[in-house]
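For reference, the structure is listed below as structure tokens.
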Amino acid sequence: MENAGRKRQWGSERRSEPLAIVHPTPTSRKIVLGRLAILVTVGAWLYYVVSTIIRQFVNNPNPGFRFGFESISYLIVVTFLTFSALMYLMARQGALYRFKEHRRVPRGELDNHFANYKEAVTVLVPSYAEEPQVVRGTLWSAALQEFPDLRVVLLLDDPPHPTEPEKIHRLEQTRALAGQISAALSAPAARANEALATFRERHASPLAAHAPGADKADELQLLITEYEAAVEWLEAMAEAENVEDHVDEFFVDLVIMGLARELRLVLLALEAAKAQNTAPNPERMEQLYLRLTWIFNVRTETFERKRYASLSHEANKAMNLNAYISLMGKRWRREETAGSVVLRPSLVPRDDDLLVPDSTYLLTLDADSLLLRDYCLRLVYFLESAGNERVAVTQTPYSSFRGAPTRIERIAGATTDIQHILHQGMTFYGATFWVGANAIIRKCALEDIVEVETVGGFEIRTYIQDRTVIEDTESSIDLGTHGWTLVNYPERLSYSATPPDFGSLVVQRRRWANGGLLILPKLWNQLSQRRSQRQRILFREVLLRVNYMASITWASFGLLFLLAYPYDSRLLSPAVFIAALPYFLCMGSDLRDCGHRFSDIFRIYGFNLILLPVNLAGVLKSLQQGLTGDKIPFVRTPKVKDRTAAPAIYVLIPYAIVAFSVLTVWRDAQQGNWGNVAFASLNAVLAMMCIQAYIGLWNSVVDVVLGAVNWLYVAPKPKPKAKPESLVVPKTAEEVDWESILYHGDRRLNRDLRGGTDRRRRISLR
């Protein structure tokens, strides 16, 4: 089908095939080189401290205030940046150990474990103003999970009564998705259920034990027929899909056809058994029938919390999840109250009650993410394996979709794939953080950390904190405080969208940079509590956790100092370069292992340069929230055709970095500070290349002009409309809103009755 998506740029990603689900086993040579990289980094930093900083003070007993200040500040900057590089190397090394030790659970063990399974998984997909096609792919990837008892709930957070035609149309399309998926799956589900029931009836008969060998061949042929029908249904669905971009291609090839290929592999085995005049035993055949029912039996529904006044309407993903989780396991009665609907516990069951089933596990899934077929099966099996009883959250940190059509999406995807490796390594040291795009969660763990408050007379239960915009990170600390652990499963089973342009990337990265500093005190409280309980705390765990939450802060300010301040050339040393070299070499190796290019290390460096003002803005927002106590709201940026416009300041500052770097080159070249010249030249060239590749020269002009217009233009404030007298001061009993009076009390009448005796007389009911 013709690709109608975003125009492919030169330098974008040509590879569309995904990475292997199971990470390749690292060689002994790779592991040894990783250890050597750690030793070189630490050794080079120590050598720099002794040979440069201490030596300068020994040779110059009275260096003066300026040189002393420069020496100390430069050492602090270099130390923090080296520390972050060291944490990268350490987390990477932990990932290598895990990849070497990981052994995939055989499919037969999974089928046997879940053959008589009674627990359920509820998939929660929070969505706000997403394109219906994007949400559809996510819901289908959840619905096609191979799991015995699965319920998929779309938590639609759009305003329930929009007035704009475009929003009305989008909302109607999104609301229809759950029903469409349920209707599409009804036919294959009915066939699979009937086949399983018929098989069980045949083998429940006393004559089944004395069936001749020919009956086994007939039974095998019936099973083959069912699998052929399932495969044909999936292949027909894939053929009918409209492929417009690389995400649609991934959905068809990996979600739908990936499952079809798995079933064809089963068919290959069954055909081979038939050719060899043998067959699986009845117990195994029943498990194979069950597998088909797991695939097609799913319950789908949509829930909109904004329809109910008794639920929190806080504008964030965390409270959207919390609102639904708080309803689970109970029956609720809808009650009309003064133009709104509230939910109250149903003491006497009625047919029109809102029944929200409970489940042992929750799967939270962002509306722009896709899961591979056995995500639920393998992760729930892991949670129920011996030794994992206190694991609250497990997930496979998401990877990026391959075949990105824009350069910035490709390089942002490369950083995502690197983060996947680092999160796997952090689990090795017990420093796992929940990455919120997807995760399997024990519901009982959330009950341990719930906070209950009363707002406006209604009970609000908060399981996942919304104090910051990185709610997953804060929840990781909360769970650890209550004795729970988190584990990243060492496979690639989930993928998520990467921002396709600079404007949308600004929104994402500013959010990522905001909140870590606010959560840091919670970490200290958790460590103090664990220490008081005499739990073992690894120093490496503490270092990795602190680096994860605060490294954006010191890396951003450190890079700003290096760019802006003209440090004395005597403080420069090849040892600083040597300390950083293992970090870049290992990152280049990791990029190549993830299907990217080794040279992307330079593009990522320039990418971080132009994102410097974005990261700083996020850090400053954290400081603002810490000082004022006010939550920082999520800000959606304006759209320019098919591109998200970036705020002008985030476009102008990268140009300022280039200009200042060029000035530094000219100034230091005159003074003979060739180390500074080389560093500034590298910054200028890479920043300019990334501006051209990732922002675009013409887009820069558009965004700056748009920013200036928005700054100069002040929309006139609409004049308040005078309320008709009949609405403010009713004249007759027929005009009184009696429901509002009874429900809200005197909130409105107090205002109306302040008008004097004449108004009191007019409001009296005649």
Side-chain angles (χ1 to χ4, degrees), residues 21 119-127 138-139 141-142 145 147 150-155 316-322 324-325 328 359-385 388-400 416 419-427 430-450 462-466 468-480 482 484-497 512 519 545 548:
I21 291 175
E119 308 299 335
V121 169
T122 300
V123 185
L124 302 179
V125 184
S127 170
T138 300
L139 293 178
S141 78
Q145 288 294 302
F147 200 81
L150 189 71
R151 194 163 61 94
V152 180
V153 183
L154 173 62
L155 303 181
N316 55 64
K317 180 177 74 174
M319 292 310 297
N320 190 11
L321 291 167
N322 289 331
Y324 188 83
I325 297 171
M328 294 182 69
S359 64
T360 306
Y361 301 102
L362 301 174
L363 166 54
T364 59
L365 180 63
D366 279 2
D368 58 355
S369 298
L370 297 178
L371 302 178
L372 298 191
R373 50 204 167 272
D374 49 359
Y375 182 96
C376 286
L377 212 62
R378 292 188 178 277
L379 270 61
V380 171
Y381 180 88
F382 170 79
L383 288 175
E384 298 186 347
S385 299
N388 298 329
E389 294 81 7
R390 294 299 295 175
V391 177
V393 179
T394 186
Q395 61 180 158
T396 65
Y398 64 90
S399 301
S400 64
T416 295
Q419 286 298 316
H420 172 91
I421 295 175
L422 298 185
H423 279 288
Q424 296 289 3
M426 290 171 71
T427 291
T432 309
F433 279 96
W434 175 10
V435 183
N438 61 88
I440 295 280
I441 311 164
R442 289 187 199 269
K443 187 168 180 287
C444 62
L446 293 183
E447 297 290 352
D448 270 2
I449 64 173
V450 66
T462 301
Y463 301 88
I464 303 168
Q465 288 295 329
D466 68 328
T468 68
V469 291
I470 49 173
E471 70 287 336
D472 44 6
T473 302
E474 185 166 4
S475 296
S476 301
I477 303 299
D478 292 339
L479 289 166
H482 286 76
W484 293 95
T485 61
L486 300 89
V487 174
N488 288 319
Y489 195 73
E491 295 184 7
R492 292 184 187 271
L493 296 174
S494 61
Y495 288 77
S496 193
W512 288 2
I519 303 170
R545 288 191 181 279
Y548 183 79

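Exactly one of S369, S399, S400 qualifies for a side-chain hydrogen bond (donor to acceptor under 3.5 Å, both in side chains) with S496. That residue is S369.
Residues that satisfy the salt bridge (Lys or Arg N to Asp or Glu O under 4.0 Å) test with D374, not counting sequence neighbours, are R104, R378.
Here the CG atom belonging to L155 is positioned 5.0 Å from the CG atom belonging to N320, to the nearest 0.5 angstrom. Between the OG1 atom in T462 and the CG atom in D478 there is a gap of 11.0 Å [rounded to 0.5 Å]. Put simply, CD on Q465 and OG on S475 are 7.0 Å apart, with the number rounded to the nearest 0.5 Å. In this structure, L383 CG and E389 CD are separated by 10.0 Å, a value rounded to the nearest 0.5 Å.
Remark: side-chain polar atoms of T432 are paired, donor with acceptor, to backbone N or O of L486 under 3.5 angstrom. The backbone N or O of R390 sits less than 3.5 Å from a side-chain atom of T485, completing a donor-acceptor pair. Judged by distance alone, the side chain of Q395 and the main-chain N or O of V435 form a donor-acceptor pair under 3.5 Å. Of the possible polar contacts, none joining the T122 side chain to the R151 backbone as a donor-acceptor pair under 3.5 Å is found.
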Residue pair Y398, D366: steps toward the side chain to side chain donor-acceptor pair (under 3.5 Å) verdict = CA-CA 11 Å; Y398 64 90; D366 279 2; over 6 Å; no
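Taking the six-membered ring for Trp, Y548 and H423 have ring centres closer than 6.0 Å.
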